[in-house]
Student: 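Questions regarding the structure given below will be posed in turn.
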Amino acid sequence: MADLFPAGEGPASSDADQALGARLVEAAADGRPLRVKLGIDPTGSDIHLGHSILFRKLRAFQDAGHTAVLIIGDFTARIGDPTGKSSTRVQLTAEQVEANATTYLQQLGQGQDPAHALVDFDTPGRLEVRRNSEWLAALNLPQVIELLATSTVGQMLAKEDFAKRYGSGTPIVLHEFLYPLLQGYDSVAVRADIELGGTDQKFNVAMGRDLQRHWRQRPQFGLLLPILPGLDGVQKMSKSLGNTVGLSEDPLSMYSKLEKVPDAVVDDYLTLLTDLDLAALPANPRQRQKAMALEVTRARHGLAAAQQAQLDAATLVGGAAGAGAADAEVPEASLAAVNFPARAFYLLSAVGVCASSSEARRQIQGGGVRLDGQKLADANQEFASAAELDGKVLQLGKRTFRRLVMP
RNA sequence: GGGUCGGUGCCCGAGUGGUUAAUGGGGGCGGACUGUAAAUCCGCUGGCUCUGCCUACGUUGGUUCAAAUCCAACCCGGCCCA
């Protein structure tokens, strides 16, 4: 049980914790695993470190013998969770949602080396993967009305996001009120004992408790975990804010992003993403960043890859880019899509380093582009063939590196 | 349904007939600096293998030599009334 509580969250510290402790004891006595619900909406294609806090906790429950009920919100993804949103979310098609769900499961470690998997997919009885369309798509109007009848407009408007939008005159579409109800209903459908979520999920998790009570189930225990700050150190880590580290990113980009998170949040990253002992780490802020970045990268990619990434980051970013670039391990970019002869600005966009050739032109003019360490001065510089570029390292700014390779 | 105000580039937000991808801020990216950063300063911030050519101010038409700016219809939203 101990590893279900990170340092400082001892089970006896508050009523809420006692309730959770009591359930764990009870479950042990009955020989019945608890059903731990974690819902994730497949609205994007990447899972990032912010999500992984929840999955680490879910994994801890699995390892303690409980059943993780992973809910793929394939139905709710199409409504869009209004939490933290200042506007209505774009509705996704069933196909997009299904594709996202598949990549999510892969990123969580389905069908991969269990050593690096975030979730235990293999031990029998430890994982149920459910899609909420299973029960939500089948609701008929009387059932939907019953669901709607459980809460009031006042309750909905008490939710911060709704209140804010209502107050500022930003439209709230009626169906958005359904979202918390449906997420809550998921808890009823899977008979959850515990629901994991970020603290921003409080409203929705509480809704689950209400609905379970309504359907005469024992209300779930809501275990709300802290939100991971993003790379900017200010806002929460979120895809739409562009401050994320994706779980499937290569070691180098993962490491180099992490080693520069603001000092103020390094300790948050350490407690939320690693098992390292804070006291045992170097006090020097720079050292601490590196230790954190190394450990987080290691957990995902293994020690060797993480150390290599650390080394590469040092040679590439640390001044002498030209010298180190030649042998550092850098993600490759194929020249297959490039039509030669190629001008520099076109090359950058064709190879995917810049979003457009106009942007590439600006970057070159701004002096941010290097080829094998040498600054590219002329956006119109022409390269005659792929052979001339093969093996060279293209650099944009301080953190984007691509080794150009022949198809 | 009626009244009224409004829909501008990633976001906010100027701009009410005439050099111009369109003031300003935020964010983002790049450069200098630094312990990587943050702070500060500087530059960039529609697209296109590009010394030029395209597409842009809700949509579609119209007036005009000329429209984001005027007119009409339509679509969408806020507020008030029903």
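In the text below, chain A, chain B and the rest are named by the order of the sequence lines, each starting its count at 1. All heavy atoms count here, side chains included; hydrogens, waters and symmetry mates do not.
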Student: Name all residues meeting the side-chain contact (heavy atoms from CB on, under 4.5 Å) criterion together with A/A137; count only those two or more places apart in sequence or in a different chain, and write none if there are none.
Tutor: A/F75, A/S133
Student: Between B/C5 and B/A56, how many Å separate the two P atoms, rounded to a whole number?
Tutor: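 It comes out at 29 Å once rounded to the nearest Å.
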Student: Is the base of B/G27 touched by the side chain of A/N243 through a donor-acceptor pair closer than 3.5 angstrom?
Tutor: no
Student: Checking A/D275 now: which residues fulfil salt bridge (Lys or Arg N to Asp or Glu O under 4.0 Å) with it, not counting sequence neighbours?
Tutor: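 Residues passing salt bridge (Lys or Arg N to Asp or Glu O under 4.0 Å) with A/D275: A/R56.
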Student: Does B/G46 have OP1 or OP2 sitting under 4.0 Å from an N or O in the side chain of A/S358?
Tutor: no
Student: Between P on B/U36 and CG on A/L231, what's the gap in Å once rounded to a whole number?
Tutor: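 The answer, rounded to whole Å, is 18 Å.
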Student: Expressed in whole Å, how much space separates the P atoms belonging to B/C53 and B/U60?
Tutor: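 Between the two P atoms, the distance is 25 Å.
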Student: For the pair made of CD in A/E359 and P in B/G43, what is the distance, rounded to whole Å?
Tutor: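 After rounding, the gap between these two atoms is 19 Å.
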Student: Roughly, in whole Å, what's the span from CG in A/N380 to P in B/U51?
Tutor: 7 Å
Student: I'd like a list of close polar pairs between nucleotides 76-79 of chain B and the protein, N/O only, cut-off under 3.5 Å.
Tutor:
none

Student: Listed in order of residue number, which residues of residues 281-289 of chain A have a non-hydrogen atom at under 4.0 Å from RNA chain B?
Tutor: A/P285, A/R286, A/Q289
Student: Residues two or more places apart in sequence or in another chain: which of them pass salt bridge (Lys or Arg N to Asp or Glu O under 4.0 Å) with A/D210?
Tutor: A/R213
Student: C1' atom, B/U51 versus B/G61: distance in rounded Å?
Tutor: 38 Å
Student: Counting heavy atoms from C-beta on, name the nucleotide in B/G30, B/U49, B/G47 closest to the side chain of A/Q363.
Tutor: B/G30
Student: Say you pick atom P in B/C57 and the same atom in B/U69; how far apart are they, in whole Å?
Tutor: 9 Å
Student: Which whole-number value in Å describes the distance from A/Q235 CD to B/G28 C1'?
Tutor: 13 Å
Student: Could you state the atom-to-atom distance from CG of A/N339 to C1' of B/C48 in whole Å?
Tutor: 14 Å
Student: Got a sec, which pairs hit salt bridge (Lys or Arg N to Asp or Glu O under 4.0 Å) with one end in residues 374-397 of chain A, sequence neighbours left out?
Tutor: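 Salt bridge (Lys or Arg N to Asp or Glu O under 4.0 Å) check on residues 374-397 of chain A returns no pairs.
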Student: When you measure from the side chain of A/K398, which nucleotide among B/U34, B/C50, B/C29 comes out closest?
Tutor: B/U34
Student: What integer number of Å spans the C1' atoms of B/G17 and B/U63?
Tutor: 12 Å
Student: Round to the nearest Å and state the distance from A/R361 atom CZ to B/G52 atom P.
Tutor: 11 Å
Student: List for me each residue that meets side-chain contact (heavy atoms from CB on, under 4.5 Å) alongside A/E160, sequence neighbours excluded, and say none if there are none.
Tutor: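 Residues passing side-chain contact (heavy atoms from CB on, under 4.5 Å) with A/E160: A/K164.
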Student: With a 3.5 Å cut-off and sequence neighbours excluded, list the donor-acceptor pairs that the side chains of residues 335-352 of chain A form with protein atoms.
Tutor:
{"residue": "A/Y346", "atom": "OH", "partner": "A/N339", "partner atom": "N", "Å": "2.9"}
{"residue": "A/S349", "atom": "OG", "partner": "A/Y346", "partner atom": "O", "Å": "3.1"}

Student: Taking the C1' atom of each, how far is B/U34 from B/G25, in whole Å?
Tutor: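 Result for the C1' pair: 27 Å, nearest Å.
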Student: Taking the P atom in each of B/G15 and B/G58, what is the distance between them to the nearest angstrom?
Tutor: 15 Å
Student: Kindly indicate whether the side chain of A/V69, heavy atoms from C-beta on, has any atom under 4.5 Å from the side chain of A/L38.
Tutor: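 A/V69 vs A/L38: side chains apart.
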Student: RNA chain B: A/G397 or A/A355, which has the more 5' nearest nucleotide?
Tutor: A/G397
Student: Hey, which sits more toward the 5' end of RNA chain B by its nearest nucleotide, A/P262 or A/E382?
Tutor: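 Final value for this comparison: A/P262.
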Student: Which pairs with one or both residues in residues 107-120 of chain A pass salt bridge (Lys or Arg N to Asp or Glu O under 4.0 Å), sequence neighbours excluded?
Tutor: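 Found none.
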Student: Could A/R35 and A/E128 be called an ion pair, given the rule that one side-chain N must be under 4.0 Å from one carboxylate O?
Tutor: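 Counted as a salt bridge, because a side-chain N and a carboxylate O are separated by less than 4.0 Å.
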Student: For the pair A/R288 and A/D267, find out whether any cationic side-chain nitrogen is under 4.0 Å from an anionic carboxylate oxygen.
Tutor: yes
Student: Show every salt bridge (Lys or Arg N to Asp or Glu O under 4.0 Å) that has at least one partner inside residues 133-157 of chain A, sequence neighbours left out.
Tutor: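 The answer is A/R130-A/E134.
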Student: Measure CG/A/D232 against C1'/B/G26 and give the value in whole Å, please.
Tutor: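 The distance from CG of A/D232 to C1' of B/G26 comes to 14 Å, rounded to the nearest Å.
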Student: Just to be sure I follow the notation: if a pair is Watson-Crick (purine N1 to pyrimidine N3 plus N6-O4 or O6-N4) or a G-U wobble (N1-O2 and O6-N3), each under 3.5 Å, what dot-bracket string does RNA chain B give, with | for pairs to another strand?
Tutor: ((((((((.[[[..)..(.....]]]((((((.......))))))(((...)))...[[[[[..)....]]]]]))))))).
Student: I'd like to check the side-chain contact (heavy atoms from CB on, under 4.5 Å) partners of A/K290; sequence neighbours left out, ordered by chain and number.
Tutor: A/Y255, A/E259, A/R286, A/Q310
Student: Assess whether a salt bridge exists between A/E332 and A/R403, defined as any Lys/Arg side-chain N lying under 4.0 Å from an Asp/Glu carboxylate O.
Tutor: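 Not counted as a salt bridge, because no side-chain N and carboxylate O are separated by less than 4.0 Å.
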Student: Roughly how many Å apart are B/C76 and B/U64, using the C1' atom of each and rounding to a whole number?
Tutor: 29 Å
Student: Rounding to an integer number of Å, can you tell me how far A/D263 CG sits from B/A39 P?
Tutor: 13 Å
Student: Within the pair A/R362 and B/C48, is there a side-chain N or O less than 4.0 Å away from OP1 or OP2?
Tutor: no
Student: Spell out yes or no: do the side chain of A/S356 and the base of B/C48 have one donor N/O and one acceptor N/O closer than 3.5 Å?
Tutor: no
